Amino acid sequence: MEMAIPMNNSIITAPTFSANPNNPTRRSFSLSSPHLTTQFFGGTLSSSLTSKAQFSLSKRNPIVSFVKCSVSEATETATERRSKLTRRSDIRNIAIVAHVDHGKTTLVDAMLKQAKVFRDNQVMQERIMDSNDLERERGITILSKNTSISYKDTKINIIDTPGHSDFGGEVERVLNMVEGVLLVVDSVEGPMPQTRFVLKKALEFGHAVVVVVNKIDRPSARPEFVVNSTFELFIELNASDEQCDFQVIYASGIKGKAGLSPENMAEDLGPLFESIIRCIPGPHIDKDGALQMLATNIEYDEHKGRIAIGRLHAGVLRKGMDVRICTTDDACRFGRVSELFVYEKFFRVPAETVEAGDICAVCGIGDIQIGETIADKASGTALPAIRVEEPTVKMAFSINTSPFVGREGKYVTSRNLRDRLSRELERNLAMRVEDGETADTFIVSGRGTLHITILIENMRREGYEFMVGPPKVINKRVDDKLLEPFEIASVEVPEEHMGPVVELLGKRRGLMFDMQGGAEGTTLLKYKIPTRGLLGLRNAILTASRGTAILNTIFDSYGPWAGDISTRDLGSLVAFEGGTSTSYALCSSQERGQLFISPGVDVYKGQIVGIHQRPGDLALNVCKKKAATNVRSNKEVSVVLDTPMEYSLDDCIEYIQEDELVEVTPASIRMCKNPKFSKKGR
């Protein structure tokens with residue numbers, strides 16, 4: 001099917017795909033226009049006399065290897081002549097962006113090993129960049145991190161970024177430091193929701209993009225489909241002609257191989273390194289201008305204090321130099337650079353001077369904040385501030401009021417809680433903290449439930465003890481209309497479980513707008529669904545699909561209020577007496593539902609000990625002991641107990657409702673009824 005679009009009194013026919021009869025592996029684009037010059041990935045279409053131009057793309061013939069990347073050429077012409085800026089050819093600053101679990105960190109591992117960052121006999125763990133304990137346990141990247149490698153006299157600064165949509169603020173922040181991105185896409189799944197988000201942000205910055213089709217060694221890999229889907233995504237996001245002319249590299253991060261075609265893979269990542277040097281432009285700098293460096297990340301060291309990390313935009317920074325710290329509201333203060341570091345291989349290395357274009361770490365400015373500019377002392381001006389998208393979910397943090405308060409935690413007061421949350425704001429740009437209804441309650445807003453859950457888990461491990469309420473969406477009111485956030489949810493589910501999943505998403509006010517056949521007998525469903533409907537959905541969808549469904553979400557936009565949504569049908573089992581649980585009491589209690597506790601566990605009045613099998617809460621006694629009599633029985637009655645359900649922190653936060661709280665301590669996670677609601681009920 002062809003579509004005609006009028007443009008400048010001429011008709012442009014949209015590109016159509018057709019099979020080449022001479023070679024079935026080749027696919028052809030065709031465009032019709034009397035006057036047209038357009039660029040696509042892998043070539044240029046030009047026609048001024050003929051009415052139709054043909055363009056062929058072969059997956060067998062690596063024609064892309066001979067294409068000069070027009071991104072780097074186009075961005076170097078008119079703009080640079082006007083501003084008299086120069087580009088450094090000995091440095092490349094890149095960010096690796098992708099959807100979660102598409103292999104970013106594994107690819108960085110292979111790049112570091114092949115660049116001889118480590119000794120041949122040095123033993124290194126997998127996912128070297130995921131240095132945080134929480135990142136290793138969950139298998140995801142949470143914080144963006146810097147490293148660098150050297151390739152043919154060129155220093156390549158690499159920033160590994162998170163893939164989960166809840167940590168999109170980390171990606172938005174680091175895009176200020178780079179000139180190009182490696183967009184990693186899974187060779188089976190193709191572009192996913194977070195792929196769209198990170199690509200949109202990179203294109204808005206005008207960055208060059210190299211597409212890496214990763215995991216090409218998977219048996220069900222479909223590289224041609226993935227490249228076409230990625231190209232369509234570029235078009236949907238209104239990419240320029242130069243950005244659409246992207247280089248495609250096929251790679252296997254775990255094997256450390258890359259190539260310009262799936263059939264012609266090199267034995268190392270050489271084609272990937274060459275593409276970075278050729279297609280990503282060097283940093284755009286004003287070498288002789290006044291000093292300017294935007295602080296895009298903050299780290300803390302016990303000996304050096306606060307460390308500001310960022311890219312030097314102009315001038316030269318020296319150790320011991322007096323500087324001016326500027327903010328966007330023209331407020332300035334002065335400071336001195338006590339120590340200076342650059343990234344070499346996997347480590348921070350001391351440096352005496354840093355020239356514009358390089359990424360460095362600055363010590364000595366104790367009150368530096370993310371988004372502030374380190375500038376020349378005499379004539380320094382601020383760079384534009386970093387802007388990130390607004391949060392969509394909020395939760396209430398309060399001090400622990402349970403009878404077990406202070407048993408396990410070190411920091412239990414509201415002052416401790418306030419100080420810790422204020423420190424989090426210094427580094428986490430996408431998070432907001434406001435005062436709650438009482439002096440010991442704080443409203444924490446983030447990009448999603450996982451965003452806030454990671455903060456809760458970190459605080460718990462640091463020795464904090466507190467309570468959190470259920471997640472709530474942040475609504476807006478525009479022109480007296482109530483708007484709520486909507487997200488795009490993509491669910492990959494086997495065909496035999498598709499019915500229950502579709503029914504579940506329908507109950508959550510989800511609207512299906514796309515359904516595709518996925519790989520390996522699965523179906524890919526795409527829904528537009530209110531964020532409220534996603535709260536508590538992950539466990540429900542795993543239950544409906546017997547643990548086989550994969551759910552991914554990304555924020556879309558604000559829309560009209562979708563109506564009431566019921567997220568939980570069953571009530572809770574609540575202990576009405578404190579003490580230690582007994583086998584005798586649990587044996588009769590388990591007939592009422594599924595229990596969370598085992599015998600010998602301390603409980604208190606109001607604690608949630610299980611899930612009721614019917615709607616509504618049920619109060620019961622799990623501490624009741626068997627009455628002792630003076631009559632001897634001939635036979636002891638053995639008690640058979642079901643295995644209690646183990647709920648993680650994420651599960652508990654998904655489970656609780658408006659009148660319930662999660663008690664978080666370093667050693668335990670409990671759920672309880674909110675005493676404020678029981679007082680209101682009376």
Side-chain angles (χ1 to χ4, degrees), residues 38-44 57 61-77 79-80 86-98 104 107-108 110-111 114-115 148-159 161 174-175 177-185 195 198-199 201-214 216 223 226-227 230-231 233-235 237 239-251 253 257-261 264-266 268-285 311 357:
T38 310
Q39 290 180 315
F40 286 95
F41 64 100
T44 303
L57 175 66
N61 300 331
I63 61 170
V64 206
S65 59
F66 303 108
V67 174
K68 291 184 179 179
C69 294
S70 57
V71 180
S72 49
E73 293 179 2
T75 51
E76 282 183 326
T77 54
T79 308
E80 291 185 357
T86 58
R87 285 197 183 275
R88 285 188 67 173
S89 59
D90 60 334
I91 286 183
R92 299 292 187 274
N93 298 320
I94 62 168
I96 300 187
V97 298
K104 298 180 303 299
L107 184 63
V108 174
M111 294 172 73
Q114 294 192 17
S148 77
I149 60 175
S150 296
Y151 182 78
K152 292 185 178 179
D153 300 326
T154 301
K155 179 181 180 182
I156 304 175
N157 287 311
I158 303 172
I159 304 175
T161 64
V174 302
L175 287 177
M177 296 168 35
V178 300
E179 286 76 35
V181 298
L182 294 188
L183 182 70
V184 181
V185 187
T195 312
V198 294
L199 179 59
K201 294 298 175 184
L203 295 177
E204 287 175 357
F205 276 91
H207 291 334
V209 181
V210 174
V211 175
V212 180
V213 181
N214 197 24
I216 197 67
V226 170
V227 172
T230 307
F231 179 68
L233 183 59
F234 272 75
I235 300 299
L237 296 176
S240 65
D241 291 346
E242 290 82 10
Q243 289 170 327
C244 286
D245 182 20
F246 56 80
Q247 174 78 59
V248 181
I249 297 293
Y250 302 91
K257 295 182 178 181
L260 297 169
S261 71
N264 187 20
M265 301 285 287
D268 55 16
L269 294 175
L272 176 61
F273 292 134
E274 291 289 346
S275 299
I276 292 172
I277 301 298
R278 188 177 68 250
C279 299
I280 306 293
H284 211 190
I285 62 166
R311 194 192 79 184

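We number each residue from 1, following the sequence as shown. The structure displayed is predicted, hence computed values, not measured ones.
Applying the side-chain contact (heavy atoms from CB on, under 4.5 Å) criterion to K201, with sequence neighbours excluded, gives E172, L175, F197, E204, E389. In this structure, N214 has no side chain to side chain donor-acceptor pair (under 3.5 Å) partners at least two apart in sequence or on a different chain. Remark: S150 engages no residue in a side-chain contact (heavy atoms from CB on, under 4.5 Å) (not counting sequence neighbours).
For the pair T195/T230, no side-chain contact is recorded, criterion being any heavy-atom separation below 4.5 Å from C-beta on. Annotation: side chain of I149 is in contact with side chain of I158 (closest heavy-atom distance under 4.5 Å).
Between the side chain of R92 and the backbone N or O of I280 there is at least one donor-acceptor pair closer than 3.5 Å. H207 places a side-chain N or O within donor-acceptor distance of the main-chain N or O of V178, the cut-off being under 3.5 Å. The backbone N or O of I91 lies less than 3.5 Å from no partner atom in the side chain of N157, so there is not a single donor-acceptor pair.
Taking CG of L183 as the start and CG of L199 as the end, the distance is 5.5 Å to the nearest 0.5 Å. For the atom pair CG (L182) and SG (C279), the distance works out to 10.0 Å, reported to the nearest 0.5 Å. Distance check: I156 CD1 to N93 CG gives 10.0 Å after rounding to the nearest 0.5 Å. S240 contributes atom OG, which lies 9.5 Å from atom CG of D245 (distance to the nearest 0.5 angstrom). Between the CD1 atom of I235 and the CD atom of Q243 there is a distance of 10.5 Å, given to the nearest 0.5 Å. Annotation: the span from F205 atom CZ to M177 atom CE amounts to 12.0 Å, rounded to 0.5 Å.
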Walk me through whether V198 and T161 qualify under side-chain contact (heavy atoms from CB on, under 4.5 Å).
CA-CA 10 Å; V198 294; T161 64; 5.9 Å; no
Apply the test side-chain contact (heavy atoms from CB on, under 4.5 Å) to residues L272 and K257: give CA-CA distance (whole Å), side-chain angles for both, the deciding distance (0.1 Å), then the verdict.
CA-CA 9 Å; L272 176 61; K257 295 182 178 181; over 6 Å; no
side-chain contact (heavy atoms from CB on, under 4.5 Å) for V210 and V181? Distances and angles first, verdict last.
CA-CA 6 Å; V210 174; V181 298; over 6 Å; no
One pair to check against side-chain contact (heavy atoms from CB on, under 4.5 Å): V227 and Y250. What are the steps and the verdict?
CA-CA 10 Å; V227 172; Y250 302 91; 3.6 Å; yes
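For the pairing with Q247, the side chain to side chain contact (heavy atoms under 4.5 Å, CB included) check across V211, L260, V209, V212 returns one residue only, L260.
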